[in-house]
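As structure tokens, the structure follows; a few thoughts come after it.
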Amino acid sequence: MDSIIVTGGGPLRGTIPIAGAKNACLTLMPATLLSDEPLTLTNAPRLSDIRTMTQLLESLGAEVAKLSDGLVLSMSSHALNGARADYDIVRKMRASILVLGPLLARQGQAVVSLPGGCAIGARPVDLHLKAFEAMGAELDLRDGYVHAKAPSGGLKGGVVDFPFVSVGATENALMAATLAKGTTVLKNAAQEPEIVDLAQCLQAMGAQISGEGTDTIEVQGVDRLHGATHRVVTDRIELGTYMLAPLVAGGEVTCTGGKRSLLEAFCAKIEAAGAEIVETDAGLTVRRANGPIRAVDVETEPFPGFPTDLQAQMMALLCTAEGTSVLEEKIFENRFMHAPELVRMGATIEVHGGTATVTGVPKLKGAPVMATDLRASVSLILAALAAEGETRVGRVYHLDRGYEHVVAKLSGVGAQIERVKEDD
Ligand code: EPU
């Protein structure tokens, strides 16, 4: 098991290239199951979650070739050998549930392990299942697995009215609806850029979809989908993470490939905290506007609101802001695991339920800390960039799930950061 050691300093200067989005790629990959023709994804991120999804697709009989050092995924599902996603793979990654919709739509049946809870909350999949029921599927939960069966003529279009917004359930239902008979309407659908990206890929495969990026998506089912090549959208969470680095440590960083439209609410919030953002064709350049970082209140919301996946990193910034900030986590019930670790570094944070109150201190101090999930890990690295002395972040395998080449990207802009074996 590796650790990352960061010696605080600053300022940071230079350019960080932003990869393709993990959470887009994890839903684009299962889309290959919808067609017997090849689907090629370019701009894929090189991450352990992508390797897990590769394993899962291969276990179902799909072929996945990694080209151009993993930046291109060439997939083919012409000869699926099964429709069963085993617990051994699903337990590693909740996004595995995203094979259920495509399998059900193309094969008429699927058996997929229930993912179970995870470090950030219980995370049930009831909304995914309700959507398939609305399309006529019969579902049976047995031995920790969902056994799903489409009606004899295949899934039928229907109206799916989500009681609250779910990114994964919208993606799963959208994929299934492309091959359902008739029209499916997804109401209260998620509007995240990853949904729009999925819809665009499915459209390139021949799907009839309208309304993506709004809260109502309409899908006219087609008999079959064909092959396509699609470029994965920029990872807005990696983008937001690195935009915070020069605000924490000082300096100026350009995130290439970044677009403000992917992160409007986040950009407005960091500007209120004292950031200056310049958008060019190349990407987004960020530095502190004249003056210190100031406290701001943050509430996480589905897109276009402030993303829950940037809450931990924003907290790292606010630990040394002037004043008191209140962060409300509205998406996941247990997503403040980074707070006690930041406190070990000298932060003043009080957590009550879904609310964290952060009172800025002049400086954090390096300490040994432990990563508990992906976004928590990177928030500790951000905090360490300007902390006094050395911070050792343990359990960084969480980080490998969502950030490629984090050491190279941050050392490239002048951070003192290295990866070591934990028993070094
Ligand atoms: N929920 C239910 N029932 C469901 C589905 C969701 O109760 O059937 C609840 C969840 O427990 C949560 C809320 O609804 O409280 C929203 O969950 P959502 O379904 O939107 O999340 P997800 O699809 O499981 C994706 C991302 C997460 C990101 C969330 C919210 C992927 C692979 N994961 O998860 O990303 O936080 O949307 O934006 O796309 C991360 O990358 O670190 C990460 C956790």
Side-chain angles (χ1 to χ4, degrees), residues 19-31 45 47-50 52-53 56 90 92-101 112 114-134 139 141 146 160-175 186 188-198 215 232-233 235-241 262-263 265-266 300-313 328-335 337-338 354 371-379 398-404:
K22 165 182 84 85
N23 289 347
C25 203
L26 287 176
T27 185
L28 292 164
M29 291 175 75
L47 301 168
S48 64
D49 271 8
I50 301 301
T52 305
M53 184 56 86
L56 176 56
V90 176
K92 289 192 203 160
M93 189 182 68
R94 295 184 46 83
S96 305
I97 193 74
L98 295 171
V99 300
L100 182 49
V112 177
L114 286 163
C118 70
I120 60 176
R123 299 183 78 183
V125 292
D126 54 321
L127 300 190
H128 300 239
L129 304 185
K130 284 203 175 89
F132 301 135
E133 272 175 343
L139 303 170
L141 304 187
V146 185
V160 182
D161 197 352
F162 293 111
F164 52 90
V165 173
S166 162
V167 174
T170 303
E171 291 165 344
N172 230 340
L174 177 59
M175 287 190 280
L186 307 179
N188 203 15
Q191 303 173 41
E192 270 67 5
E194 293 75 23
I195 305 278
V196 175
D197 202 41
L198 173 63
D215 65 357
V232 180
V233 68
D235 194 317
R236 65 195 165 98
I237 306 302
E238 192 197 26
L239 170 65
T241 302
L262 293 169
L263 274 179
F266 169 82
T300 64
E301 283 173 316
F303 193 84
F306 190 100
T308 172
D309 291 344
L310 283 169
Q311 176 261 111
Q313 301 89 312
E328 281 191 69
E329 174 52 58
K330 292 284 182 72
I331 309 291
F332 292 110
E333 65 271 26
N334 191 25
R335 213 175 196 183
M337 307 276 276
H338 42 283
T372 49
D373 71 70
L374 167 59
R375 308 304 172 189
S377 336
V378 84
S379 76
H398 291 293
L399 201 68
D400 298 331
R401 298 186 57 179
Y403 291 90
E404 62 169 43

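Residue numbers count from 1 along this sequence. Read the numbers this way: they start at 1 and go in the same order the structure lists the ligands and their atoms.
Not a single donor-acceptor pair under 3.5 Å links the side chain of Gln191 to the backbone N or O of Phe303. A distance-only check finds no donor-acceptor pair linking the side chain of Thr27 to the backbone of Asn23 [under 3.5 Å]. Counting only distance, with no hydrogens or angles, the side chain of Gln311 and the backbone of Glu329 share no donor-acceptor pair below 3.5 Å.
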Could you give me the CA-CA distance, side-chain angles and deciding distance for Leu141 and Leu129, then say whether side chain to side chain contact (heavy atoms under 4.5 Å, CB included) is met? CA-CA 10 Å; Leu141 304 187; Leu129 304 185; 4.0 Å; yes

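Under a 4.0 angstrom heavy-atom cut-off, Phe303 registers as lying outside contact with ligand 1. Close to ligand 1: Lys22, with a non-hydrogen atom less than 4.0 angstrom away.
Under 4.0 angstrom from ligand 1, the non-hydrogen atoms of Arg335 all belong to its side chain. Proximity of His128 to ligand 1, defined as any heavy-atom pair under 4.0 Å, is shared by backbone and side chain alike. Within the 4.0 Å heavy-atom criterion, the part of Asp309 lying near ligand 1 is the side chain and not the backbone. In Arg375, the part holding a heavy atom less than 4.0 Å from any atom of ligand 1 is the side chain.
With respect to atom 26 (C) of ligand 1, the closest heavy atom belonging to the protein is Asn23 ND2, 3.5 Å. Closest protein heavy atom to atom 15 (O) of ligand 1: Ile331 O, 2.6 Å. If you check which protein heavy atom lies closest to atom 22 (P) of ligand 1, you get Arg123 NH2, 3.7 Å. The single protein non-hydrogen atom nearest to atom 4 (C) of ligand 1 is Pro124 O, 3.0 Å, given as residue, atom name and distance. Here the heavy atom of the protein found nearest to atom 19 (O) of ligand 1 is Ser166 OG, 2.6 Å. Among all non-hydrogen protein atoms, the one lying nearest atom 23 (O) of ligand 1 is Gly168 N, 2.8 Å. In terms of protein heavy atoms, atom 3 (N) of ligand 1 is closest to Asp126 OD1, 2.6 Å. In this structure, atom 8 (O) of ligand 1 lies nearest to the protein heavy atom Leu127 N, 2.7 Å.
If you check each of Phe162, Phe332, Phe164 against atom 17 (O) of ligand 1, the one with the closest non-hydrogen atom is Phe332. The option from Val167, Ile237, Thr308, Thr300 that lies nearest to atom 18 (P) of ligand 1, judged by heavy atoms, is Val167.
The existence of a salt bridge linking Lys22 and Glu404 is excluded, since no basic side-chain nitrogen approaches an acidic carboxylate oxygen closer than 4.0 Å. Remark: Arg94 does not engage Asp49 in a salt bridge, criterion side-chain N to carboxylate O under 4.0 Å.
To the nearest 0.5 Å, atoms CE (Met337) and CZ (Arg375) are separated by 16.0 Å.
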